[in-house]
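All remarks here apply to the structure that follows.
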Number of protein chains: 2
Amino acid sequence: MTGGSGRRYNARTPHGGSAAVQSPLYRHVISQITQKLESGEWRSGETIPSEPRLAQQFHVSVGTIRKAIDELVAGQILVRHQGRGTFVSTHSEDHYRYHFFHIVDADGTKRFPAVELHAFRRGRADGSEAAKLGLKRGAPVIRVVNLLRLDDDPVVLDRITIAAQQFPGLTRAIFVARPGTIYHLYQERYGVSVIRAVERLRAVTADGATGKALGVRAGDPLLEIERVAYTYRDRPVELRVSQVNTGHHAYLSELGKGA
Amino acid sequence: MTGGSGRRYNARTPHGGSAAVQSPLYRHVISQITQKLESGEWRSGETIPSEPRLAQQFHVSVGTIRKAIDELVAGQILVRHQGRGTFVSTHSEDHYRYHFFHIVDADGTKRFPAVELHAFRRGRADGSEAAKLGLKRGAPVIRVVNLLRLDDDPVVLDRITIAAQQFPGLTRAIFVARPGTIYHLYQERYGVSVIRAVERLRAVTADGATGKALGVRAGDPLLEIERVAYTYRDRPVELRVSQVNTGHHAYLSELGKGA
DNA sequence: AAGTGGTCTAGACCACCAT
DNA sequence: TGGTGGTCTAGACCACTTA
């Protein structure tokens with residue numbers, strides 16, 4: 001044959017055919033790859049099969065495989081390395097660490113924070129937590145409070161809520177002893193990869209306890225960030241409410257250029 | 001010939017050839033297209049030549065043209081419409097209007113604000129403005145203050161600074177009479193297309209005047225957004241400091257999924 | 001019916017990495 | 001040296017819009 005391929009469209013709708021032309025082939029490939037990631041068949045940090053091999057497995061051309069991988073790379077799910085292969089993104093990579101941390105100091109530099117655990121408790125989801133995490137009210141949850149320091153200054157107080165069922169056996173000791181970021185822990189120990197998050201920002205006033213932790217007076221303004229983090233297929237993983245002292249730092253948001 | 005094309009690499013470095021392989025062809029195409037946009041040869045809202053025509057003009061294959069356009073579409077610079085053509089993005093399109101407006105109400109819905117002009121004055125750039133707009137201190141600027149209402153409630157107070165030279169003949173009347181958004185005005189009347197912006201968010205306390213405009217008490221917390229908006233080649237266009245009453249609204253930020 | 005973008009294929013060569 | 005991704009080409013057919 002010479003090159004055309006319209007037949008592929010029909011190859012997937014052989015019977016009846018009255019149905020619409022559905023999604024293009026590369027969407028199907030994306031879905032298949034996502035499933036392998038979801039199921040843990042391909043794990044974070046590992047290389048996935050080469051493009052020619054995938055083309056064989058999925059019975060499509062290399063060009064179609066490339067188009068599918070292109071999208072997953074754009075979404076930070078995969079990373080390509082010329083000459084080495086294509087890898088499943090890891091939260092231990094620098095570019096990914098910063099992807100979910102948006103606090104910068106006065107001159108715009110991002111520094112990575114030192115984390116200090118203030119609390120680790122088990123409890124039951126209230127109405128708001130349940131709604132945002134897709135749980136039933138009263139479902140068992142783990143709540144964590146972390147203080148983040150930048151250059152020794154306390155800047156962020158995180159209140160984290162996760163579903164206990166999704167992280168069986170998680171203890172304070174495990175949480176404290178983790179080598180990297182929290183998302184790296186979710187990923188390495190529980191196979192839960194945070195790939196997306198939605199944040200809502202508001203200005204609030206510090207209450208006594210929070211103010212004390214962040215070294216500001218009660219009533220001083222703080223930036224509050226409510227984040228819901230998601231894994232594949234938009235499944236919610238974590239609810240995190242951060243309060244930020246923006247006296248010497250700011251939240252950086254870039255619009256456009258791949259945003 | 002059958003298909004290969006490595007020669008192209010050399011075709012662009014015919015003499016000496018000791019130089020590195022420079023950028024790929026599609027980068028060069030992106031640059032050429034960007035220049036046509038920058039110079040105003042292709043204006044916003046207009047269609048650009050078809051892909052086969054561009055391939056001829058630039059002496060590359062359609063595939064290479066497509067790859068270049070792919071990137072510009074991802075960056076919201078161009079918009080494709082199957083069957084109609086490829087168009088230069090306009091700030092009058094809905095998807096673009098919301099691209100630079102991130103305030104949502106309690107249930108997460110974006111509504112477009114009603115704008116009320118509070119001030120329009122000419123002045124000279126102070127040190128901070130000059131630095132952020134790439135001007136010399138004391139350069140002539142225009143300063144605008146706008147109040148944005150959502151469902152009749154005053155929610156955002158914008159203080160805008162632009163270089164007077166870039167917007168010759170701009171008057172209060174023109175500013176008020178514009179049909180669409182401010183960025184649409186920049187684009188339509190002055191050929192200046194805002195395509196990217198960087199925002200820094202902080203929590204501050206309302207001063208008397210701002211509080212009055214937003215219907216809050218002096219000392220209440222407000223979300224302050226400092227935005228620098230850029231056009232092609234990262235040239236700064238506008239400095240905008242917004243103060244937001246986040247009592248019933250929030251700033252929405254999405255991380256991941258093309259961010 | 002003609003023209004445009006959208007999808008898919010097949011194959012070439014280049015650049016980079018590991019061995 | 002062999003394998004991997006990166007670039008580029010050429011050409012087919014599909015889907016959509018406009019006239």
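The sequence lines fix the lettering, A, B, ..., with proteins before strands; numbering per chain opens at 1.
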**Q.** Protein-nucleotide distance (A:Arg80, atom CZ; D:dG5, atom P), rounded to Å
**A.** 8 Å
Q. So is B:Arg235 actually on top of B:Tyr232's ring, under 6.0 Å and inside 45° of the axis?
A. no
Q: Take atom CD of A:Gln82 and atom C1' of D:dG6, then tell me their distance rounded to the nearest Å.
A: 5 Å
Q | Any A:Ser50 side-chain nitrogen or oxygen under 4.0 Å from OP1 or OP2 of D:dT4 | A | yes
Q) Just how far, in rounded Å, is C1' of D:dT7 from CD1 of B:Ile30? A) 13 Å
Q. Should B:Thr64 be listed as having a side-chain N or O under 4.0 Å from OP1 or OP2 of D:dT9?
A. yes
**Q.** Phosphate OP1/OP2 of D:dG6 contacted by A:Arg66 side-chain N/O (<4.0 Å)
**A.** yes
Q.
Expressed as a whole number of angstroms, how long is the span from A:Ile65:CD1 to C:dA10:P?
A. 12 Å
Q) Roughly, in whole Å, what's the span from CG in B:Leu25 to P in C:dA12? A) 20 Å
Q | Other residues, nucleotides, ligands: >12 heavy atoms within 6.0 Å of A:Arg43 CZ | A | no
Q. Within this structure, what is the CG-to-C1' distance between B:Leu78 and C:dG5, rounded to whole angstrom?
A. 13 Å
Q) Hey, is the side chain of B:Thr47 poking within less than 4.0 Å of OP1 or OP2 on C:dT4, counting only N and O atoms? A) no
Q: Provide, to the nearest angstrom, the distance between the CZ atom belonging to A:Phe87 and the P atom belonging to D:dG5.
A: 9 Å
(Q) Is the phosphate of D:dC8 approached by B:Tyr26 (side-chain N or O, under 4.0 Å from OP1 or OP2)? (A) no
Q: Starting from the 5' end of DNA chain C, give me the residue, A:Arg84 or A:Ser61, whose nearest nucleotide shows up first.
A: A:Ser61
Q. Roughly how many Å is it from NZ in A:Lys67 to P in D:dT7, rounded to a whole number?
A. 16 Å
Q. Is the centre of the B:Phe101 ring less than 6.0 Å from the centre of the B:Tyr98 ring?
A. no
Q) With under 30° as parallel and over 60° as perpendicular, where do the rings of B:Phe100 and B:Tyr183 fit, or are they tilted in between? A) perpendicular
Q) So, for B:Gly169 and B:Ile174, which heavy atoms are closest and what is the spacing to 0.1 Å? A) O-CD1, 3.4 Å
Q. Hey, does A:Arg53 reach any base, or is it just sugar-phosphate, or nothing, if we go heavy atoms under 4.0 Å?
A. sugar-phosphate
